[in-house]
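To keep things clear, I will list the structure first and then write my remarks on it.
None of the values given here were measured: they were computed from a predicted structure.
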Amino acid sequence: MPENPITRRDLITTTARAAAVAAAVGPALAHAAPPPLVRPVAVSSMNGLGAVKVAVERMVAGAPPVDAAVAGVALPEADPDDVTVGYGGLPNEEGVVQLDAAVMDGVTMRAGAVAALERIKHPAQVALEVMRGTDRILLVGDGALRFARAHGFPEENLLTERARKIWLFWKENASQNDDWLPEPKEIDDPDIQWFIKKYGDVYFRPTGTIHLSACGEGGQLGCCTTTSGLFFKLPGRVGDSPLVGAGLYCDGDVGSAGGTGHGESNIIVAGAHTVVEFMRHGSSPEAACVATLERVVRNTKLDYLRDAKGRPKNNLLLYAVNRAGEVGGAAIWAGERCKYAVCRAGSEPRLFDCAYLFKKT
Ligand code: ASP
């Protein structure tokens, strides 16, 4: 018997006292309560309907949430029709596909990330290796590629014919003051038509990316964000996606969050971390996303980033889950693409509308 055995009566008194303290101090300390039992749940950006399903299946089969998240995002990473992630992702300004990804595990509070990684289809899996196989967090460029090679990841050309044509079309139409001339016939090309149908032709640099946050049965949390980054970005540019605290963050005591959209806006408010902090202080996942986006609006001070009414021109979307399995999503701008995907164990994945701050009239 231990020196100070805890009796059943002590336990009941202690638990009742803890509950009374939690009630008195409010939700900010609610994370001190024992973990709830939740149906495993995954939330992601709207391109993750298949990914959230896979993530939940993996959790039900016993995988930790961070591994489940990486398994889920492998779908869009391998899908040439998702031009915002992995294989088939749109390249940088020079026509080179450079991928960014990160993972975070709320159980161990460890993270791993890669940025500007070329020729590897599944950067999220490399990020997981960085987390588990090193005591570092972020590897970039050639170092990240060498690390991936050392771990046996196959190298391949990630630039699909469709992505190359879309890039060339952008390049030839980007300016009238360079040496590139638009090729009128290109607009009829089925691949260019496909792109315009999906993303419109007003602004040729829409965003995508997948973030996925996963919550297991005992409230364990893990997340992952993976992307080919801003379309036609400057070579070497790294966005929010692989930055812990911006593109993703989770805290095992609180919740998990991540973002897609204009990366620089997200980095400047440490978006995912801020969402988690709002949840720590009692906000629901949706309210936490909204409050963080309001901060983005306040921090968008440069004229060229704002419209005539002073609102950010760029969109940013945030997604979150807390350790009770509640989910939410929000965007700066309403629109067709302002949705998030959710899957709970035992149910089919579904898209939900994000809360939003502004709507274009
Ligand atoms: N957030 C990504 C980045 O800035 C882009 C995206 O979400 O599509 O690289």
(message) Quick one, Asp353 with Lys339, criterion salt bridge (charged side-chain N to carboxylate O under 4.0 Å, His left out). Give me CA distance, side-chain angles, the key distance, then yes/no.
(response) CA-CA 4 Å; Asp353 290 326; Lys339 294 188 191 301; 2.7 Å; yes

(request) Please report the C-alpha distance between His211 and Thr209 in whole Å, then the side-chain angles of each, then the deciding distance to 0.1 Å, and finally whether the side-chain hydrogen bond (donor to acceptor under 3.5 Å, both in side chains) criterion is met. (result) CA-CA 7 Å; His211 167 77; Thr209 300; over 6 Å; no

(request) Mind checking salt bridge (charged side-chain N to carboxylate O under 4.0 Å, His left out) for Glu57 and listing every partner two or more places apart, or none if nothing turns up? (result) Lys53

(message) Quick check for you: to the nearest 0.5 Å, what is the distance between Leu212 atom CG and Cys343 atom SG?
(response) 10.0 Å

(message) Determine whether Arg337 and Met46 satisfy the following criterion, side chain to side chain contact (heavy atoms under 4.5 Å, CB included), listing intermediate values before the conclusion.
(response) CA-CA 7 Å; Arg337 306 176 55 74; Met46 69 177 285; 4.0 Å; yes

(message) Check Glu77 with Lys121, please: is the shortest side-chain N to carboxylate O separation under 4.0 Å?
(response) no

(message) Count I, L, V, M, F, W, Y as connected when their side-chain heavy atoms are under 4.5 Å apart, and connections chain through other members. Are Val41 and Met59 then in the same cluster?
(response) no

(message) Rounded at 0.5 Å granularity, tell me how far CH2 in Trp167 sits from NZ in Lys171.
(response) 6.0 Å

(request) Please examine the side chains of Tyr340 and Val327, heavy atoms only from C-beta on, and report whether any two atoms are closer than 4.5 Å. (result) yes

(message) Just checking Arg136: does its CZ atom have more than 12 heavy atoms from other residues, nucleotides or ligands closer to it than 6.0 angstrom?
(response) no

(message) So which atom in Ala331 and which in Leu317 form the shortest heavy-atom distance, rounded to 0.1 Å?
(response) CB-CG, 3.7 Å

Please output the side-chain donor-acceptor pairs of residues 257-269 that fall under 3.5 Å, not counting sequence neighbours, one pair per line with the distance.
from   : atom 1 : to     : atom 2 : distance (Å)
Thr260 : OG1    : Tyr319 : OH     : 2.7
His262 : ND1    : Ser265 : N      : 3.4
His262 : ND1    : Ser265 : OG     : 2.6
His262 : NE2    : Asn314 : ND2    : 3.4
Glu264 : OE1    : Arg237 : NH2    : 3.0
Glu264 : OE2    : Arg237 : NE     : 3.0
Glu264 : OE2    : Arg237 : NH2    : 3.0
Asn266 : OD1    : Gly271 : N      : 3.4
Asn266 : ND2    : Asp240 : OD2    : 2.9
Asn266 : ND2    : Ala246 : O      : 2.9

(request) For residues Glu186 and Glu172, determine if any side-chain heavy atom of one lies less than 4.5 Å from a side-chain heavy atom of the other. (result) yes

(message) If you compare all heavy atoms of Gly89 against all heavy atoms of Ser228, which two are closest, and at what distance to 0.1 Å?
(response) CA-OG, 3.5 Å

(message) side chain to side chain contact (heavy atoms under 4.5 Å, CB included) for Val38 and Cys215? Distances and angles first, verdict last.
(response) CA-CA 8 Å; Val38 297; Cys215 177; 3.8 Å; yes

(request) Could you pull out the closest heavy-atom pair between Leu138 and Pro242, with the gap in Å? (result) CD1-O, 4.4 Å

(request) Show your working on side chain to side chain contact (heavy atoms under 4.5 Å, CB included) between Leu221 and Val321 and close with a plain yes or no. (result) CA-CA 9 Å; Leu221 297 156; Val321 60; 4.1 Å; yes

(request) Over all heavy atoms of both residues, which pair between Gly255 and Val276 is shortest? Give the atoms and the distance, please. (result) O-CG2, 3.8 Å

(request) Mind checking the NZ-CD1 spacing from Lys313 to Ile332? Nearest 0.5 Å is all I need. (result) 13.5 Å

(request) Look at the side chain of Asn173 and the backbone N and O of Phe169, then say whether any donor-acceptor pair between them is shorter than 3.5 Å. (result) yes

(request) Using a 4.5 Å cut-off on heavy atoms from C-beta on, say whether the side chain of Glu155 contacts that of Ile120. (result) yes

(message) Are the side chains of Glu129 and Phe153 in contact, using a 4.5 Å heavy-atom criterion?
(response) yes

(request) Output the distance between atom CD (Gln220) and atom CZ (Arg323), rounded to the nearest 0.5 Å. (result) 9.5 Å

(request) Can you sort out the partners of Asp191 under side-chain hydrogen bond (donor to acceptor under 3.5 Å, both in side chains), two or more places apart, ordered by chain and number? (result) Arg162, Lys165

(request) Would you sort out whether Arg280 and Asp251 count as a salt bridge (charged side-chain N to carboxylate O under 4.0 Å, His left out), showing the intermediate values? (result) CA-CA 9 Å; Arg280 189 192 305 282; Asp251 183 320; 2.7 Å; yes

(request) May I ask you to say whether Asp189 pairs ionically with Lys185, meaning some side-chain N is under 4.0 Å from a carboxylate O? (result) no

(message) Any heavy-atom pair between the side chains of Asp82 and Tyr87 that's under 4.5 Å?
(response) no

(message) Starting from Val238, can I reach Leu234 by hopping between I/L/V/M/F/W/Y residues whose side chains sit under 4.5 Å apart?
(response) no

(message) Please check: side-chain N/O of Ser175 versus main-chain N/O of Asn177, any donor-acceptor pairing under 3.5 Å?
(response) yes

(request) Considering only NZ, NE, NH1 and NH2 on the basic side and carboxylate oxygens on the acidic side, decide whether Lys198 and Asp81 come within less than 4.0 Å. (result) no

(request) Working to the nearest 0.5 Å, report the span between CG of Leu90 and CZ of Arg164. (result) 12.5 Å

(request) Output yes when a side-chain donor or acceptor of Gln98 lies under 3.5 Å from a complementary backbone atom of Pro91, and no otherwise. (result) no

(message) Using the side-chain hydrogen bond (donor to acceptor under 3.5 Å, both in side chains) criterion, which residues pair with Arg295? Sequence neighbours excluded.
(response) none

(request) For residues Ser256 and Gly222, report the shortest heavy-atom separation together with the two atoms involved. (result) OG-O, 3.9 Å

(request) State plainly whether one hydrophobic cluster holds both Leu318 and Val297, where clusters connect Ile, Leu, Val, Met, Phe, Trp and Tyr through side-chain heavy atoms under 4.5 angstrom apart. (result) yes

(request) Flag yes if Leu145 and Val130 sit in one hydrophobic cluster, no otherwise; membership is Ile, Leu, Val, Met, Phe, Trp, Tyr, and two members link when side-chain heavy atoms are under 4.5 Å apart. (result) yes

(message) As a quick check of understanding, evaluate side chain to side chain contact (heavy atoms under 4.5 Å, CB included) for Ile196 and Ile187, giving each step before the final call.
(response) CA-CA 9 Å; Ile196 290 174; Ile187 194 89; 3.8 Å; yes

(message) For Ala101 versus Ala127, what's the shortest heavy-atom pair and its separation?
(response) O-CB, 3.9 Å

(message) Do Lys233 and Asn92 have side chains that approach each other closer than 4.5 Å (heavy atoms only, starting at C-beta)?
(response) yes

(request) Would you please classify the geometry between the Trp170 ring and the Phe232 ring as parallel, tilted or perpendicular, with 30° and 60° separating the classes? (result) parallel

(request) Flag the pair Leu99 / Glu118 as yes when at least one side-chain heavy-atom distance between them is below 4.5 Å, and no otherwise. (result) no

(request) Could you tell me whether Tyr356 atom OH has more than 12 heavy atoms of other residues or ligands within 6.0 Å of it? (result) no

(request) Determine, for Asp67 against Arg58, whether the closest basic-nitrogen to carboxylate-oxygen distance falls under 4.0 angstrom. (result) no

(request) To the nearest 0.5 angstrom, please state how far the CG atom of Leu351 sits from the SG atom of Cys338. (result) 11.5 Å

(request) State yes or no: do Val70 and Val126 share one hydrophobic cluster built from I, L, V, M, F, W and Y residues joined by side-chain heavy-atom distances below 4.5 Å, directly or via other members? (result) no

(request) Could you pull out all residues at least two apart from Arg39 that satisfy salt bridge (charged side-chain N to carboxylate O under 4.0 Å, His left out)? (result) none

(message) Going by side chain to side chain donor-acceptor pair (under 3.5 Å), name the pairs with one or both residues in residues 326-336, residues two or more places apart or in two chains.
(response) Asn322-Glu326

(message) Contact between Met109 and Met104 at the side-chain level, heavy atoms closer than 4.5 Å - yes or no?
(response) yes

